[in-house]
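These numbers come from a predicted model, not from an experiment.
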Amino acid sequence: MRLFVAIRMPEETAAAIARLQDEVPIGRPVPKENLHLTLAFVDERRPDEAEAAHEALEGLRAAPVEIAFGGMTVLDPARPQAVVLPVPETPALEVLHRAVMSAVRRAGIDLPRRRFRPHVTLVRLAGRPTPDEEARLARVLGRTSQSPVWPFTAREVVLFRSHLRREGAVYEELAAYPLG
Ligand code: ATP
Ligand code: MG
């Protein structure tokens, strides 16, 4: 099963993000209920590995974390794949990220080392935008870079199972782990 650990967007935050998504003229918006900040992509694992990850995550000890947002931007502008809201990497978020990664690794799951670039994906782009689309997108990003999405305090992290469907991924919450 395909697993990842993430922070859900609370209702009000998701509503504010949905208003930003409506401004983006191209791509496939992430459904409101799917909006999240990935802490660890665990990938395809056997059920016994999922169970071990769950047990390790039950031992997670970390404080609630304030999640703030930067202006809407394109991830990897050289090969644009998604419009995202970057999340500033605070010390508390870095500690939480490391704690989650360590828990999953303690479960015997080998996670590759990747740079942590916290963000919430808003819109997925299918293929390279045309010059016209790029221009329209640039105008929207210029206009909305100041639009605030208020910070919130994350009080739990969630282990999700992702079901990849042709219409888009469906996330199933397997378990939630309180912070603090
Ligand atoms: P789709 O791939 O159909 O667009 P999705 O990306 O929402 O759907 P998943 O691919 O299961 O669904 O991804 C779940 C989460 O894990 C997302 O936040 C995604 O960005 C992240 N993720 C997926 N693959 C990787 C990867 N190889 N490395 C890091 N993070 C990943
Ligand atoms: Mg994906």
Side-chain angles (χ1 to χ4, degrees), residues 1-10 13-14 17 21 27-62 64-70 72-127 152 154-179:
M1 51 185 95
R2 188 176 173 94
L3 304 171
F4 66 102
V5 180
I7 294 171
R8 270 185 196 292
M9 295 301 109
T13 308
I17 290 176
Q21 287 176 308
R28 182 161 54 92
V30 173
K32 203 164 142 203
E33 68 275 11
N34 277 10
L35 293 167
H36 67 275
L37 164 59
T38 298
L39 295 169
F41 178 65
V42 184
D43 211 337
E44 207 53 58
R45 303 292 163 185
R46 298 186 309 265
D48 62 300
E49 291 174 310
E51 183 58 35
H54 167 60
E55 279 166 24
L57 285 164
E58 281 188 315
L60 186 71
R61 294 291 169 265
V65 177
E66 163 130 317
I67 303 295
F69 300 94
M72 194 159 58
T73 185
V74 173
L75 196 68
D76 198 356
R79 277 186 317 123
Q81 291 178 8
V83 178
V84 306
L85 272 191
V87 171
E89 191 175 347
T90 58
L93 181 56
E94 178 54 32
V95 166
L96 176 61
H97 169 246
R98 272 210 306 272
V100 168
M101 296 290 281
S102 312
V104 174
R105 287 186 176 126
R106 256 198 321 278
I109 293 172
D110 190 27
L111 291 183
R113 299 205 161 275
R114 297 176 82 244
R115 186 157 146 37
F116 180 44
R117 268 195 260 165
H119 65 272
V120 178
T121 299
L122 306 192
V123 173
R124 293 182 192 282
L125 306 175
F152 72 94
R155 300 188 186 282
E156 63 174 25
V157 301
V158 174
L159 176 62
F160 285 103
R161 177 176 182 185
S162 175
H163 302 267
L164 296 183
R165 306 255 165 86
R166 201 160 357 130
E167 326 78 74
V170 174
Y171 303 151
E172 176 190 358
E173 176 173 329
L174 297 182
Y177 313 97
L179 302 176

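Atom CZ of Arg117 has 12 or fewer heavy atoms from other residues, nucleotides or ligands within 6.0 Å.
Residues Tyr171 and Val158 are not in side-chain contact: their nearest non-hydrogen atoms beyond the backbone lie 4.5 Å or more apart. Inter-residue side-chain proximity for Leu85 and Met72 is flagged as met; some heavy-atom pair is nearer than 4.5 Å. A 4.5 Å side-chain heavy-atom check between Thr90 and Glu66 finds every atom pair outside the cut-off. In this structure, Arg161 and Leu3 have side chains that are in contact, with non-hydrogen atoms separated by less than 4.5 Å. With contacts defined as side-chain heavy-atom distances shorter than 4.5 Å, the pair Ile67/Val120 does not qualify.
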What pairs of donor and acceptor atoms, side-chain ones from residues 29-40 against any protein atom, are under 3.5 angstrom apart with sequence neighbours left out?
unit_1 : atom_1 : unit_2 : atom_2 : d
Lys32  : NZ     : Glu11  : OE2    : 3.2
Asn34  : ND2    : Ala169 : O      : 3.1
His36  : ND1    : Asn34  : O      : 2.7
His36  : NE2    : Thr38  : OG1    : 3.1

Donor-acceptor contacts, no H, no angles, side chain residues 41-49, under 3.5 Å, sequence neighbours left out:
unit_1 : atom_1 : unit_2 : atom_2 : d
Glu44  : OE2    : Met1   : N      : 3.1
Arg45  : NE     : Val42  : O      : 2.8
Arg45  : NH2    : Val42  : O      : 3.1
Arg46  : NE     : Asp48  : OD1    : 2.9
Arg46  : NH2    : Asp48  : OD2    : 3.1
Glu49  : OE1    : Arg46  : N      : 2.7

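Pairs of residues two or more places apart, or lying in two chains, that qualify as ring pair (Phe, Tyr, Trp, His ring centres under 6.0 Å) and include a residue from residues 81-107 are His97-Phe116.
Between Ala154 and Leu179, the closest heavy-atom pair is O-CD1, 3.5 Å. The minimum heavy-atom distance linking Leu159 with Ala50 is given by the pair CD2-O, 4.5 Å. Ala56 and Ala107 get closest at one heavy-atom pair: CB-CB, 4.1 Å. Taking all atoms of both residues into account, the shortest heavy-atom contact from Val65 to Ala92 is CG2-O, 3.8 Å. Shown here for Gly168 and Arg28, the closest heavy-atom pair between the two residues is CA-NH1, 4.0 Å. Of all non-hydrogen atoms in Arg98 and Ser102, the two that sit nearest each other are O-OG, 2.7 Å.
Contacts of Arg106 classified as salt bridge (charged side-chain N to carboxylate O under 4.0 Å, His left out), with partners at least two apart in sequence or in another chain: none. When the side-chain hydrogen bond (donor to acceptor under 3.5 Å, both in side chains) test is applied to Arg79, the partners found at least two apart in sequence or on another chain are Asp76. Partners of His163 according to the ring-ring contact (aromatic ring centres under 6.0 Å, His included) rule, which considers only residues two or more places apart in sequence or in another chain, do not exist here.
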